[in-house]
Each structure stands twice: as structure tokens, then as C-alpha cells.
Amino acid sequence: MLSYRHAFHAGNHADVLKHYVLGLVLAHTKQKDKPFWYIDTHAGAGMYSLQDGYATQNQEFKEGISKLLSAKNLPQSLADYMAQIQSFNTGSELSFYPGSPMVAESFMRADDRMRLFELHPNDYKLLSENFEGFGKQAKVEMQNGFKGLKSCLPPPPRRAVVLIDPPYEDKQDYHYVVDAIKDSLKRFPTGTYIVWYPLLQRPEPAEMLDELLALNVPDWLHVTLSVESPSEEGFGMYGSGLFIINPPWTLPKTLAETMPVLTALLALDETASFTLDSQIE
Ligand code: SAM
């Protein structure tokens, strides 16, 4: 059953954290003069209208990317992210918000390749249309991204950034992520793997994180951003996190400098906070 549509959430606080950090990882990866693959296991539609359709229903972007749009004196890396989002728009208003594949595309060079997996037929169609004309650089497949990932590893250039961003509507996704990471590390231990997850009042996200930490990979980074206190009813996403295996060595310092700013901008109440932990050997 595929009921999740990312368009409802486009540009929300979780997208901002995810895409900002994705951009930092890719900017670092492309510094080296060697090609790499970008693999997006759960790619979504690639581009979202903020002026009509699903995104306008709850207008989650107003508590996400819109907060950065109106911010003054952003630190350079956040200003770079904001400039990237604005490059998909004309004028001062935001009409469009790019999904992870389109964010990543901005960092691709002629010899880099993208492998994008999306299972929902409607979002697959939109994603394919958004990547028409990208030729052999971007391959879009309507396939289970966890299976698709296996077929990509190890990638021919032996360099890759992998984003694993499932909807987690099916609780099994938490287990599939851990299985996918275990399998991927056997096939390709040096890849950079970015796992996104929601902060919820249920045990599965923390259990998944414990399992990922228990893999004892030498190099990892974990960042969370909580935008408000968890609801009294016990429902709803109050923040999000990213667990990154083989992160750029520069990432801990950049995030230590910018997460306080991002947290202050995206705070919905006075309890908003971030955590940042890493181990880079
Ligand atoms: N990565 C996107 C971004 O940041 O813009 C958002 C992705 S959204 C959180 C998750 C997407 O995964 C949805 O579009 C959903 O249709 C798709 N999906 C769900 N299960 C999948 C699976 N097993 N394989 C590939 N795509 C899947």
C-alpha cells in the first residue's frame, strides 16, 4: 500500500535539514576530481509546487523553507542552500521546492551519475518527467529502492553518496533500513550513506538508531533537530534526524556552527533543540 505523498510535506523543517545536509555532503564529495554516483532509494517526485496541489493543504513549507527565505545574515552554507532553492524560483516568493533528486542534481558534474528509485506510480511519472532530458546522467526506475540499491553497489567509479529516505508509514521500513545498511556495507563499505528518520513518540526510530550505532562503523555522524515539544496526545512528528555513515570530515564542524542558527530559525516553541554527535577516525 502506497498512500504517502511527499508533496504534502514539501519544504517542511525535515526537508530543510535533510536537503541542507545532503548539499553539504555532495559539495564535499565533488571537490575530489573523480566521478561518483548519487543513489536515492526513495526519490519522490523531484519537484513540488508550493502554490497549488497537495503542498498548499497544510502549507508545511511555511514552518520550513519560508523561515529561511525571510532570514537575514545566514551563515554561508545556509545561504548557499537558500540560494540553491531560489534558483528554482523567480521573484521573491517561493513557487517551487526541489526534492532530494533535484537538490542533488545541482551538484552533478558531466561524469557523475544518478540512480533514482520511486515506487509510487504517480510520483514516478512526475520524477521521470522532471528528469527528462538528463540523458544517461540520471536513470529513474519504478522499483523498490531497497532492492534497487543492491543492484547499484559497488558503483563503477567506487564512489557514491546514498540517500535512504523512506516514508516509515510501514513500520517495517525501520528494519528494511538496517538490513539495507548492513548489506550495503558488505558490498561497498566506503560509500557515504545518509539515513533520514522522523522524531516520533514511538520506539521504532530510537531502536533503529541503536541498531545502526551497534554496527560499529568507524566513521559516522548523527544530527537531530527537534522543532517543538512532543504533543501531549502522543502523535505527530516533532523533528527529524540524519544518521550518516562515512560523512565528510568537515561536516561536524560545519554543523556545530550552523545547527544553532537553523534550530533558532525553525523553532516552533521554546523547547526546540538539536543534537550533534560524531565519530570520525
Ligand atoms: N527523498 C525525497 C525528498 O527528499 O525529496 C522524499 C521521499 S518521500 C519521504 C518517500 C518516497 O518513497 C515517497 O515518494 C514514496 O512513494 C516512496 N516509496 C515508498 N516505498 C518505496 C520503496 N520501497 N521504494 C521506492 N520508493 C518508495
Side-chain angles (χ1 to χ4, degrees), residues 5-30 38 40 42-109 112 114 116 118 123 126-127 129-131 133-134 138 161 163 165 194 196 223 225 227 237 239-240 242 244 248 251 254-255 257-268 272 274:
R5 304 300 302 277
H6 193 67
F8 284 105
H9 313 291
N12 69 2
H13 58 82
D15 263 4
V16 169
L17 176 67
K18 180 193 351 169
H19 297 156
Y20 165 55
V21 174
L22 175 64
L24 292 175
V25 171
L26 290 170
H28 187 269
T29 305
K30 70 177 269 198
Y38 170 72
D40 203 325
H42 296 71
M47 185 62 74
Y48 304 94
S49 170
L50 299 183
Q51 297 207 326
D52 49 42
Y54 295 149
T56 58
Q57 287 199 16
N58 296 330
Q59 303 199 326
E60 292 187 21
F61 60 88
K62 290 207 167 153
E63 292 180 343
I65 193 64
S66 298
K67 297 272 187 80
L68 271 71
L69 182 66
S70 52
K72 303 269 182 300
N73 302 320
L74 286 172
Q76 190 58 52
S77 60
L78 279 170
D80 290 346
Y81 162 64
M82 198 57 233
Q84 192 192 6
I85 304 306
Q86 280 175 305
S87 73
F88 295 102
N89 291 276
T90 49
S92 53
E93 293 280 299
L94 289 182
S95 304
F96 296 100
Y97 185 80
S100 52
M102 209 50 93
V103 168
E105 200 284 324
S106 313
F107 295 90
M108 298 289 121
R109 303 157 300 178
D112 300 328
M114 307 179 77
L116 311 175
E118 171 54 48
D123 279 346
L126 292 168
L127 183 65
E129 287 166 5
N130 283 324
F131 276 86
F134 284 79
V161 174
L163 176 65
D165 182 22
I194 306 172
W196 179 90
V223 59
L225 171 53
V227 293
M237 178 174 79
S240 62
L242 295 167
I244 307 178
L251 197 56
T254 306
L255 291 181
E257 288 165 1
T258 56
M259 283 307 293
V261 179
L262 194 59
T263 306
L265 283 170
L266 296 177
L268 294 178
F274 72 93

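Any value given below was found using the heavy atoms of this structure, including those in side chains, with hydrogens, waters and symmetry copies removed.
- Side-chain atoms of N12 come within 3.5 Å of backbone N or O of A14 as a donor-acceptor pair.
- Expressed to the nearest 0.5 Å, how far CG of L74 lies from CG of L262 amounts to 9.0 Å.
- Residues Q51 and F96 have side chains not in contact (no heavy-atom distance under 4.5 Å, counting atoms from C-beta outward).
- H13 places none of its side-chain heavy atoms less than 4.5 Å from the side chain of K67.
- Residues W196 and H42 fail the side-chain proximity criterion, which asks for heavy atoms closer than 4.5 Å.
- Using a distance-only test at 3.5 Å, with no hydrogens or angles considered, no donor-acceptor pair links the side chain of D112 to the main chain of Y38.
- Side-chain N or O atoms of Q57 include none that pairs as donor or acceptor with a backbone N or O of F8 at under 3.5 Å.
- The backbone N or O of N89 lies less than 3.5 Å from no partner atom in the side chain of S95, so there is not a single donor-acceptor pair.
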Handout entry: Stepwise side chain to side chain donor-acceptor pair (under 3.5 Å) test for Q76 and D80
Key = CA-CA 6 Å; Q76 190 58 52; D80 290 346; 2.8 Å; yes

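- Remark: M102 CE to Y97 OH distance equals 13.0 Å, nearest 0.5 Å.
- Once rounded to the nearest 0.5 Å, the distance linking OG of S106 with NZ of K30 reads 9.0 Å.
- Closest of all the heavy-atom pairs between M114 and A104 is CE-CB, 4.0 Å.
- What you find for D15 and G11 is that their closest heavy atoms are OD2-N, 3.0 Å.
- Minimum interatomic distance between T254 and S77 (heavy atoms only, all atoms of both residues): CG2-OG, 3.9 Å.
- In this structure, the side chains of Y48 and R5 stay at 4.5 Å or more apart for every pair of heavy atoms.
- When side chains are defined from C-beta on, L127 does not count as touching D123, because their heavy atoms never get closer than 4.5 Å.
- In this structure, F61 and A55 approach most closely via the heavy-atom pair CE2-O, 3.5 Å.
- Between L68 and the choices V261, L266, L94, I85, the side chain to side chain contact (heavy atoms under 4.5 Å, CB included) rule is met once, by L266.
- Using a 4.5 Å heavy-atom threshold, the side chains of Y81 and L22 count as separate.
- With rounding to the nearest 0.5 angstrom, the CG atom of L50 is 11.5 Å from the CD atom of E60.
- The shortest side-chain heavy-atom distance between I65 and M82 falls under the 4.5 Å cut-off.
- Exactly one of V161, L24, V21 qualifies for a side chain to side chain contact (heavy atoms under 4.5 Å, CB included) with I244. That residue is V21.
- Residues E63 and V227 are not in side-chain contact: their nearest non-hydrogen atoms beyond the backbone lie 4.5 Å or more apart.
- Annotation: the span from D165 atom CG to K18 atom NZ amounts to 3.5 Å, rounded to 0.5 Å.
- Open room surrounds CD on E93; 12 or fewer heavy atoms of other groups in view lie less than 6.0 Å from it.
- Considering all non-hydrogen atoms of both residues, L116 and A43 come closest at CB-CB, 4.1 Å.
- Of all heavy-atom pairs spanning L242 and L17, the tightest one is CD1-O, 3.9 Å.
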